[in-house]
Q: 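Quick one: the structure is below, questions incoming.
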Amino acid sequence: VRICVWAQFKHKETGNEFYHFNVHFDHIGTTARQESAKLIVSKIKEIAGDQPNFVTGDFNSNQKSVPYNTIVTSGIVMDSYSRSEDKVNANWPTYNGYKYISTPPANAARIDHVFVTTKGTKVKSWQLINADYSQKYPSDHYPVLIEWCFRK
């Protein structure tokens, strides 16, 4: 079973609102990932409308895949990675499979993404957190962290 959870938030001081969608796409079915990308784009339009929003999660789709392309060409959200000039560990993959990695492989794939609405937000920085604990990781994926703000 694959899911998407979403929430609407309101910043108390400014009254600015935004939506956050979090997904986990299928890891086996190519068609399932392609259809999931179409569905999430449709649901963002339906639920968030023109409000700023974020879509995060394990997309099991790298930056050269059809599902990724469906999302970034939707006109709704863009990859925060491409919107940020300040990147940390940008050449690392987002998936480690619990295997210690001392140096990033060539052409590392990102399958975990933070997509950000093109309207109303600015991405200040993008970071992949690849800290290990005695050459062990707490997850088979590295966290992706962005710093963002509402545009004035």
Side-chain angles (χ1 to χ4, degrees), residues 1-96 104-131 137-152:
V1 176
R2 298 302 173 179
I3 63 164
C4 172
V5 294
W6 66 272
Q8 181 181 16
F9 294 91
K10 184 174 187 177
H11 189 264
K12 287 182 180 182
E13 293 175 18
T14 64
N16 289 330
E17 294 183 5
F18 67 93
Y19 288 81
H20 181 193
F21 299 83
N22 189 66
V23 302
H24 189 189
F25 282 11
D26 190 79
H27 67 293
I28 297 172
T30 303
T31 302
R33 288 191 298 275
Q34 291 171 351
E35 294 302 313
S36 292
K38 292 176 191 174
L39 183 58
I40 193 65
V41 167
S42 170
K43 288 299 181 179
I44 292 168
K45 288 178 186 176
E46 177 186 326
I47 296 168
D50 289 336
Q51 292 289 325
N53 63 78
F54 299 85
V55 186
T56 61
D58 178 357
F59 292 82
N60 280 305
S61 303
N62 71 33
Q63 62 271 25
K64 296 178 183 176
S65 69
V66 172
Y68 175 92
N69 192 52
T70 297
I71 294 168
V72 298
T73 62
S74 68
I76 299 173
V77 292
M78 290 179 61
D79 191 345
S80 61
Y81 180 93
S82 63
R83 288 189 61 197
S84 176
E85 293 182 20
D86 181 16
K87 295 181 184 82
V88 177
N89 296 323
N91 58 339
W92 282 74
T94 60
Y95 177 75
N96 61 54
N107 299 319
R110 292 177 285 112
I111 64 170
D112 303 282
H113 305 283
V114 178
F115 296 108
V116 182
T117 189
T118 55
K119 180 181 173 187
T121 63
K122 178 181 177 183
V123 178
K124 295 181 174 183
S125 65
W126 182 99
Q127 178 180 2
L128 185 124
I129 302 171
N130 63 348
Y137 302 114
S139 173
D140 58 340
H141 295 257
Y142 298 116
V144 177
L145 173 71
I146 69 165
E147 181 183 4
W148 67 279
C149 65
F150 287 107
R151 288 186 192 254
K152 294 180 181 180

Q: Please check this pair: side chain of Arg110 against backbone of Gln63, looking for a donor-acceptor N/O pair closer than 3.5 Å.
A: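 A pair under 3.5 Å: no.
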Q: If we ignore hydrogens and angles and just use 3.5 Å, is the side chain of Arg2 paired with the main-chain N or O of Ala32 as donor and acceptor?
A: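 No, Arg2 side chain to Ala32 backbone: no donor-acceptor pair under 3.5 Å.
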Q: Do the non-hydrogen side-chain atoms of Asn89 and Tyr142 ever get within less than 4.5 Å of each other?
A: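 Answer no - side chains too far apart.
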Q: Using the benzene-type ring in the case of Trp, are the ring centres of Tyr137 and Tyr95 under 6.0 Å apart?
A: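 Distance test on ring centres: not under 6.0 Å, no.
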Q: With sequence neighbours excluded, what pairs up with Lys43 under the side-chain hydrogen bond (donor to acceptor under 3.5 Å, both in side chains) test?
A: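 side-chain hydrogen bond (donor to acceptor under 3.5 Å, both in side chains) check on Lys43 returns Glu46.
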Q: Which heavy atom of Pro52 sits nearest a heavy atom of Glu17, and at what distance?
A: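 Result for this residue pair: CD-O, 3.5 Å.
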Q: For Asn16 and His11, indicate whether the former's side chain and the latter's backbone hold a donor-acceptor pair under 3.5 Å.
A: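 Such a contact is absent between Asn16 side chain and His11 backbone.
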Q: In the structure I gave you, are the side-chain heavy atoms of Val55 and Ile40 within less than 4.5 Å of one another anywhere?
A: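 A side-chain contact under 4.5 Å exists here.
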Q: Between CG of Asp86 and CH2 of Trp126, what distance do you get to the nearest 0.5 Å?
A: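 Asp86 CG to Trp126 CH2: 11.0 Å, rounded to 0.5 Å.
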Q: Check step by step if ring-ring contact (aromatic ring centres under 6.0 Å, His included) holds for Phe54 and Phe18.
A: CA-CA 8 Å; Phe54 299 85; Phe18 67 93; 5.6 Å; yes
Q: For atom NZ of Lys87, is the number of surrounding heavy atoms from other residues, nucleotides or ligands below 6.0 Å larger than 12?
A: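 Yes, NZ of Lys87 has more than 12 neighbouring heavy atoms, counting only those of other groups under 6.0 Å.
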Q: Whether the side chain of Ser84 engages the backbone of Ser80 through a donor-acceptor N/O pair (distance < 3.5 Å, no angle test) should be reported.
A: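 Such a contact is absent between Ser84 side chain and Ser80 backbone.
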Q: Looking only at non-hydrogen atoms, find the nearest pair between Ala109 and Asn62 and report the distance.
A: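 Looking at all heavy atoms of both residues, the closest pair is CB-CB, 3.7 Å.
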Q: Search all heavy atoms of Thr94 against all heavy atoms of Ile111 and return the closest pair with its distance.
A: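 Shortest heavy-atom separation between Thr94 and Ile111 comes out as OG1-N, 2.9 Å.
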Q: Given side chains that start at C-beta, do those of Val144 and His113 come closer than 4.5 Å, heavy atoms only?
A: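 The answer is no; the side chains never approach within 4.5 Å.
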Q: Given Phe21, which partner from the list Thr56, Ile47, Val5 fulfils the side-chain contact (heavy atoms from CB on, under 4.5 Å) test?
A: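 With Phe21 as partner, Thr56, Ile47, Val5 yield a single side-chain contact (heavy atoms from CB on, under 4.5 Å), made by Ile47.
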Q: To the nearest 0.5 angstrom, please state how far the CG atom of Leu39 sits from the CD1 atom of Ile44.
A: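 CD1 of Ile44 is found 10.0 Å from CG of Leu39.
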Q: When you look at Asp140 and Asn96, which way does the side-chain contact (heavy atoms from CB on, under 4.5 Å) test go after all the steps?
A: CA-CA 5 Å; Asp140 58 340; Asn96 61 54; 4.2 Å; yes
Q: Heavy atoms only: give me the nearest His20-Phe9 pair and the separation to one decimal.
A: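 Looking at all heavy atoms of both residues, the closest pair is CB-CE1, 3.8 Å.
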Q: Say you draw a straight line from CG of Asn53 to NZ of Lys119; how long is it, rounded to the nearest 0.5 Å?
A: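 That separation rounds to 11.0 Å.
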Q: Using atom types as modelled and distance alone, determine if a side-chain donor or acceptor of Glu147 lies under 3.5 Å from a backbone N or O of Lys124.
A: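 Not at all, since once roles are kept as given, no pair shorter than 3.5 Å links the two residues.
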Q: Parallel under 30°, tilted from 30 to 60°, perpendicular over 60°: which one fits the rings of Trp6 and Tyr19?
A: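 Tilted.
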Q: Which heavy atom of Ala37 sits nearest to which heavy atom of Pro67, and what is that distance?
A: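 The answer is CB-O, 3.5 Å.
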Q: Within the 4.5 Å heavy-atom criterion, are Thr118 and Val77 side-chain neighbours or not?
A: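 Thr118 vs Val77: side chains apart.
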Q: Between atom OG1 of Thr121 and atom CH2 of Trp148, what is the distance when rounded to the nearest 0.5 Å?
A: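 Reported to 0.5 Å precision, the distance equals 7.0 Å.
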Q: Do His24 and Asp58 have side-chain atoms, one donor and one acceptor, less than 3.5 Å apart?
A: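 Yes.
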Q: With Asp26, which residues qualify under side-chain hydrogen bond (donor to acceptor under 3.5 Å, both in side chains), at least two apart?
A: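 Applying side-chain hydrogen bond (donor to acceptor under 3.5 Å, both in side chains) to Asp26 gives none.
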Q: Show the nearest heavy-atom pair for residues Asp79 and Val114, with the distance to one decimal.
A: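 Closest heavy-atom pair between Asp79 and Val114: OD1-O, 3.7 Å.
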Q: Hey, could you give me the NZ/CD1 distance between Lys45 and Ile76, rounded to the nearest 0.5 Å?
A: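 Reported to 0.5 Å precision, the distance equals 4.5 Å.
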Q: If you measure from OG on Ser139 to CD1 on Ile129, what distance do you get to the nearest 0.5 Å?
A: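 Result: 12.0 Å between the selected atoms.
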Q: Do the side chain of Ser61 and the main chain of Tyr68 share a donor and acceptor less than 3.5 angstrom apart?
A: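 Not confirmed, Ser61 side chain does not pair with Tyr68 backbone.
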